[in-house]
Structures are given as structure tokens and as C-alpha cells.
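Only one structure is covered here, and it is reproduced in the block below.
What you see is a predicted model, and the numbers here were worked out from it, not measured in a lab.
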Amino acid sequence: MVVPTLHPVAQTLAAEHASGELSRREFLTRATSLGLTAATAYGLIGVAMPSEARAQPAQGGTLRIQSDVRALKDPRTYDWPQMSNFSRGWLEYLVEYQRDGSFKPMLLTGWEVNDDATQYTLNVRPGVTWNDGTPFTAADVAFNITRWCDQTVEGNSMASRMSTLIDPTTKQAIDGAIVASDDLTVTLTLPAPDITLIAGFSDYPAAIVPQDFSGDPMADRKGTGPFIPTELEVGVKSVMVRNEDHTWWGTEVYGGPYLDQIEYIDFGTDQVTHFSAAESDEVDMLYESLGEFVELFDSIGWQKSETITANTVVIRTNQNAEIDGRKPYADERVRRALAMAVSNAVCLELGYADQGEVAENHHVCPIHPEYAQLPAREPDPAKAAALMAEAGLADFEHELISIDDNWRRDTCDAVAAQMRDAGFTVRRTIIPGNTFWNDWADYPFSATDWAQRPLGVQVLALAYRSGEAWNETGFANAEFDETLKQAMAVADAETRRVLSAKLQTIMQDEGVVIQPYWRATYRHARPGVIGAEQHPTFEIHVYKLGLEA
């Protein structure tokens, strides 16, 4: 097995942390993505690696989790974390993103990155088997990375994460770029530097499937994880049970699994219903607690966990949308006018009870390593109205669409009210979740929530690079794309910050989105539940869950 060495950039990152340029979270994300273990990374900045003090879980029991229950599909096309939280029981990941910002090896034991991030050596974990008894090898890893690179598959957002490995002509993996040199080693050879690959491996659509995968996780039920699914009724309930016929590799390495059965129960989007389910002992743990219900769950003695996040809501126009024979949001003046009419601070107060931080309409968060602080932009309703009139759309009716939950609905109500105050005509349309999510990327003007990614450039590549599967705005800008390409190749945080400032400014100048705030997120569980802490990207690591003895 290859023993990882200290990447030369690691010392630079440690110095940037010491000088205050990188927070501890930012440092851990960058250092562990370059192949340092979490323990080594903590040691490099002279800090002892923290340990989570918790009771030893009992063996056995059933845990009931409130969560949307969605249909499963090919994981590379997953578009909501709730899908992955269920399939995590049997479909595992190469890498796991931790609450402290570090990356933990799972189906890999580690990785090495060369000095300029053009070659990655992935060390595959020995002794892992699929639940049909066949060995898990480097060929399985290479197979998955190769299928992630297939840009011809509709909805395959993993292709945007693997873009450096893709031949733009064939829209497939570059020939010879992904090589399994032996049963436990995969080498990735890139034509240009890319510092985001390990972070991409941890994202929720990156679940590892077998080489004979049919495309339906429920049909195959073949994986490397400790559980197996037994039930999935969309909008109602899904169930997984401990797979007694499979020896899970992780028991000896990380401990678990502890539970006999895990159930996800769908109570809809209304937190009133979630609270009633908790009071009536129908559920043990929440996916997320929101707004005033954070204090209400506190009041009944449930355990609360909170995490600092780059989760957000985006109120966006679709520049490609055609309405009555024209594309109103293709006009930069229209988009800028909409953003100019809205105070993000008001949206945070009215839409999310001030439980977060005001954002700046460019989707790069202060907790991201490359965040650049730009001059503040204040709302100007009068100027917004003049700009809309200049575009010839002073009398145009904007239909703002949102889901029927509380915080996204309330945020959009606050946006609509401010636009009306600026003199715009706005119609509010509220759609049930099971309908809204079917067409989330196609609405002309709507709100979607985005989960945190470890690096700001990851979000920009997923959501705003030209032609990507998750580019719901229809934004296409060659200067933006080229600057983003440069930023994804730079390991030095300060250099990336200069490029990020340019990217952030382009986003603001073109009025791509109204992105009003960064969310603090909370999760509650009844006393005695172990491993339920809120994760920055809403991941539920099922092998960690248990009940106190």
C-alpha cells in the first residue's frame, strides 16, 4: 500500500491558517483533499484532533427519521440529498465529508496528489466486498469515475464535477486518464490541474454502484454497505434493515452498524406536522428543524445540533425561458432590476427568522476558502424601476414560483412584496413539493435551495458554468467559464481569492440570482439517539446512528 506523503502545498495552507487567511474549517477542507489525514492536518496547525464524546450505542433497535421519501434513480442523477440518505445504507462513497470540514476515506484508504494537482493516486480499501460476496476492487472505482464522466446522460451532474477528466469532443472520459493499475490502485491523469476532485467524490450523487448496475438501486440492491432496503413507498415511507448476510468492512475500521432497522417517514413539508409527530411518538429524529420550531423542539427536551453552513436559497430567473414569445430574463437589465429591488437583510428576517447571515447574490460563502469580500451593494427600488422601464418591461407580470413549505415560501413572499414596492407586478404561485420538484430546473422565475459544497468553485461549476445539468439560470458567460477554469486549478487560497472576486463580481453585475442569505441549520432528535448531529450538507451517515444502551 502507498504511504501518503506530505503535499508541498500543505505547509503553505498551514501558514495561511496561521496568518488568518484561512479558517480552521477552510484549512481542513483543503489539506485533507490533498491527501493529508485529518489527524495530520490538525497536527500541522498544532491542534489536537477533537474526539466526539458520546455514549456507546446499544446493538439493535429501530430508528424513525422524518424525511421526504423520494423515488430513487441512477445516483449520478440524484438531485436531492434525501435520495442519498436512504441509499447510503447499501451504496457507499469513496470519501466522506465531515462536520469539521475534513474528508475521511471510506472505500478508499487514502490518496496522493502530485505537486500541481494533475495526477491523483487513489488507494482502494482492501478486504471490501459487495453484498453478493464478490470483491470490491480498483476496477469498480475506475468504472464509477468513468461513468460519472459521461456528459451524454441527461441529469448527470457528476459530469460537472469531473469536467477536467472529460474529452469535450466525445463527452466521455479522456482515453487513458483513468487507469486501474492493480486491484487496489487507480491513477487519474489530468490534462490540467484540478483541486476539486476529492470534494466531488464526497458529494451525494457520487454513490458507488456495481459494474452490473441496472440504473435502479431498488432493483439491484447490490452494494458494499451494511444495510439492505426492504421498502420504498414514495411520499410515505422507506425502510432499510441490517444485512445479516453481509460482512461489512467498516465495523473493524469505524464501528457500527448499530441499528437493526432505519425508517424514513414522510410527513410532508409542514413543520407543524413534524412537531405533532414528535409529540405523539411517531418519529425519533428530524431531517431539519426550522424557524420557530427550533425553540419548540428545544422546549420538549429534544436534543439540538447546529452547524455553520453555506446552505442557501436562490431566487433565480431562467434566462432561456420563453414567455408569450419573448425571453424577458435574457435581458441583463431585467435581472439587475429585480435584484436591485430586494433587500437581502429583509429576506433573512422575514423568510428565515434571522437564523443565518446576509448573502451577496454571488453564491460564494464567507466560509469558503476563496471568498472575496466585495463592496456592499444596497437595494435601490427607484433605480430598479427605471432600469425595468428602460428594458421595456415596466408593465410585465413576473410569476414567482415556490414550494409550499414555510421558509422558502416566506422568503419568496418577502421578495415579491419588495418588488411590488418598487412598482413591479408580481404574481405568487405556490406549488406542493411533490409537484414542484418535478420541474425545478425549468420554471422561468422560482426559488430553489442549494446545499453547501466544501469549495465555492464547486458550487459555481455545478450551478453557473455554461451548459451544466444543474444550471437552472441558463447563465452562459465565456469570461466566467474561463476564470472558473483557472480558479479550479489553483491551490493557493490567496490567488484563488483574486479569481473568485472576479467571478463574484460577474455574478452580481449580470444579476444572475437573488441569493439573500446563508442558513444556519438545525436538527433535533429525542434523547438517547446517537449520531444524529446536523451535517453541513444534510448527510445522514447511517452506520453511525444508534440508541443509547
Query raised in the report: Do the side chain of Thr537 and the main chain of Ala451 share a donor and acceptor less than 3.5 angstrom apart?
Result: no

Query raised in the report: Is there a donor-acceptor pair under 3.5 Å between the side chain of His7 and the backbone N or O of Val113?
Result: yes

Query raised in the report: Given Trp407 and Asp405, is the side chain to side chain contact (heavy atoms under 4.5 Å, CB included) satisfied, shown in steps?
Result: CA-CA 6 Å; Trp407 67 279; Asp405 69 352; 3.4 Å; yes

**Report entry** Any pair counted as salt bridge (charged side-chain N to carboxylate O under 4.0 Å, His left out), so long as it reaches residues 450-463, sequence neighbours left out
**Finding:** Asp203-Arg453

Query raised in the report: What are the two closest non-hydrogen atoms of Gln452 and Thr309, and how far apart are they?
Result: OE1-CA, 3.0 Å

Query - Atom CD of Gln355: over 12 foreign heavy atoms under 6.0 Å - result: yes

Report task. Locate the shortest heavy-atom distance separating Tyr352 from Ala520; write the atom from each residue and the value. Result -> OH-O, 2.8 Å

Requested in this report: Using the test side chain to side chain contact (heavy atoms under 4.5 Å, CB included), find all partners of Asp481 that sit at least two apart in sequence or belong to another chain.
Outcome: Arg465, Ser466

Report task. May I ask you to test the Pro369-Leu455 pair for a side-chain heavy-atom distance under 4.5 Å? Result -> yes

Query raised in the report: So, the side chain of Ser500 versus the backbone of Arg496: is there a donor-acceptor pair under 3.5 Å, distance only?
Result: no

Report summary line: Closest non-hydrogen atoms of Asp100 and Leu28, given as atom of the first, atom of the second and distance, are O-CD1, 3.5 Å

Report task. Check side-chain hydrogen bond (donor to acceptor under 3.5 Å, both in side chains) between Arg497 and all other residues, then give those that pass, not counting sequence neighbours. Result -> Glu494

Query - Under 3.5 Å donor-acceptor, Trp111 side chain and Ser33 backbone - result: yes

Requested in this report: Assign the ring pair Trp450 / His363 to parallel, tilted or perpendicular, where the plane angle (0 to 90°) is split at 30° and 60°.
Outcome: perpendicular

Requested in this report: State, to 0.1 Å, how close Arg335 and Ala330 come at their nearest heavy-atom pair, and which atoms those are.
Outcome: NH1-O, 3.2 Å

Query raised in the report: Side chains of Glu539 and Tyr93: donor-acceptor distance under 3.5 Å anywhere?
Result: no

Query raised in the report: Within a strict 4.5 Å, meaning less than it, do heavy atoms of the Ile145 and Leu122 side chains meet?
Result: yes

Query raised in the report: Sub-3.5 Å donor-acceptor pair from the side chain of Gln504 to the main-chain atoms of Ala372, do we have one?
Result: yes

Query raised in the report: Without hydrogens or angle criteria, can the side chains of Gln98 and Ser102 be said to hold a donor-acceptor pair below 3.5 Å?
Result: no

Query - Any Tyr371 side-chain heavy atom under 4.5 Å of His362 side chain - result: yes

**Report entry** Exam field: side chain Asp439 to backbone Asp442, donor-acceptor pair closer than 3.5 Å
**Finding:** no

Query raised in the report: If we only count heavy atoms from C-beta on, is the Tyr120 to Val186 side-chain gap below 4.5 Å?
Result: no

Requested in this report: Evaluate the side chain to side chain contact (heavy atoms under 4.5 Å, CB included) criterion for residues Asp167 and Asp175: first the C-alpha distance (whole Å), next the side-chain angles of each, then the deciding distance (0.1 Å), finally the verdict.
Outcome: CA-CA 8 Å; Asp167 183 331; Asp175 188 33; over 6 Å; no

Report task. Determine yes or no for a side-chain-to-main-chain donor-acceptor pair under 3.5 angstrom, with Glu533 supplying the side chain and Ser305 the backbone. Result -> no

Query raised in the report: Under 4.5 Å between any side-chain heavy atoms of Glu468 and Ser157, yes or no?
Result: no

**Report entry** Expected output: side-chain Glu370 to main-chain Gly456 donor-acceptor under 3.5 Å
**Finding:** yes

Query raised in the report: Any chance the rings of Tyr443 and Phe436 have centres within less than 6.0 Å?
Result: yes

Query raised in the report: How many angstroms lie between atom CE of Met162 and atom CD of Gln151, to the nearest 0.5 angstrom?
Result: 12.0 Å

Query raised in the report: Side chains of Gln271 and Asn406: is there a donor and an acceptor less than 3.5 Å apart?
Result: no

Query raised in the report: Are the aromatic ring centres of Phe143 and Phe213 under 6.0 angstrom apart?
Result: no

Requested in this report: Taking all non-hydrogen atoms of both residues into account, name the closest pair between Pro205 and Trp148 and its distance.
Outcome: O-NE1, 4.4 Å

Requested in this report: May I ask you to decide whether Arg519 forms a salt bridge with Glu288, counting only side-chain N to carboxylate O separations under 4.0 Å?
Outcome: yes

Query raised in the report: Tell me, do Cys365 and Val459 make a side-chain contact under 4.5 Å, heavy atoms counted?
Result: no

Query - Within 6.0 angstrom of Gln119 CD, more than 12 heavy atoms from elsewhere - result: yes

Query raised in the report: Looking just at side-chain N and O atoms, do Gln172 and Asp150 make a donor-acceptor pair shorter than 3.5 Å?
Result: yes

Report task. Could you check Thr411, Thr312, Asn344, Asn311 and say which one makes a side-chain hydrogen bond (donor to acceptor under 3.5 Å, both in side chains) with Tyr517? Result -> Thr411

Query - Side chain to side chain, Ser67 and Phe86, heavy atoms closer than 4.5 Å - result: no

Query raised in the report: Going through the checks in order, is the salt bridge (charged side-chain N to carboxylate O under 4.0 Å, His left out) test met by Glu360 and Arg377?
Result: CA-CA 8 Å; Glu360 302 159 345; Arg377 299 193 181 194; over 6 Å; no

Query raised in the report: Between Thr429 and Glu399, is a side-chain hydrogen bond (donor to acceptor under 3.5 Å, both in side chains) present by the stated rule, with each step listed?
Result: CA-CA 7 Å; Thr429 298; Glu399 181 186 16; 2.5 Å; yes

Report task. Establish, yes or no, whether a centroid distance under 6.0 Å links the rings of His535 and Tyr97. Result -> yes

Query raised in the report: Taking the six-membered ring of Trp470, is the NZ or CZ of Arg316 close enough (under 6.0 Å from the centre) and on axis enough (within 45°)?
Result: no

Query raised in the report: What heavy-atom pair brings Val334 and Ala391 nearest, and what distance separates the two atoms?
Result: CG2-CB, 3.7 Å

Query - Check: Tyr522 and Gln534 side chains under 4.5 Å, non-hydrogen atoms - result: no

Query raised in the report: Would you find more than 12 non-hydrogen atoms of other residues, nucleotides or ligands less than 6.0 Å from Asn438 atom CG?
Result: yes

Query - Under 3.5 Å donor-acceptor, Asn156 side chain and Thr77 backbone - result: no

Requested in this report: Calculate, to the nearest 0.5 Å, the distance between atoms CG and CG belonging to Asn114 and Leu34 respectively.
Outcome: 10.5 Å

Query raised in the report: More than 12 foreign heavy atoms under 6.0 Å from CZ of Arg428: is that the case here?
Result: yes

Report summary line: Contacts satisfying ring-ring contact (aromatic ring centres under 6.0 Å, His included) that involve residues 17-36 (not counting sequence neighbours) are His17-Phe27

Query raised in the report: Can you check whether Asn85's main-chain N or O pairs, donor with acceptor, with Tyr264's side chain at less than 3.5 Å?
Result: yes

Query raised in the report: Using 30° and 60° as the class limits, which term best fits the ring planes of Phe275 and Phe297: parallel, tilted or perpendicular?
Result: perpendicular

Requested in this report: Report the C-alpha distance between Val209 and Asn144 in whole Å, list the side-chain angles of each, state the deciding distance to 0.1 Å, and finish with yes or no for side chain to side chain contact (heavy atoms under 4.5 Å, CB included).
Outcome: CA-CA 7 Å; Val209 300; Asn144 276 269; 3.4 Å; yes

Query raised in the report: Within a radius of less than 6.0 Å around CD of Glu397, do more than 12 heavy atoms belonging to other residues, nucleotides or ligands occur?
Result: yes

Report summary line: Residue set satisfying side chain to side chain contact (heavy atoms under 4.5 Å, CB included) with Lys485, at least two apart, ordered chain then number -> Glu482

Please tabulate, for the side chains in residues 415-425, all donor-acceptor contacts under 3.5 angstrom to protein atoms that are two or more places apart in sequence or on a different chain.
{"unit_1": "Gln418", "atom_1": "OE1", "unit_2": "Ser343", "atom_2": "N", "d": "2.7"}
{"unit_1": "Gln418", "atom_1": "NE2", "unit_2": "Ala414", "atom_2": "O", "d": "3.2"}
{"unit_1": "Arg420", "atom_1": "NE", "unit_2": "Val426", "atom_2": "O", "d": "3.3"}
{"unit_1": "Arg420", "atom_1": "NH2", "unit_2": "Val426", "atom_2": "O", "d": "3.0"}

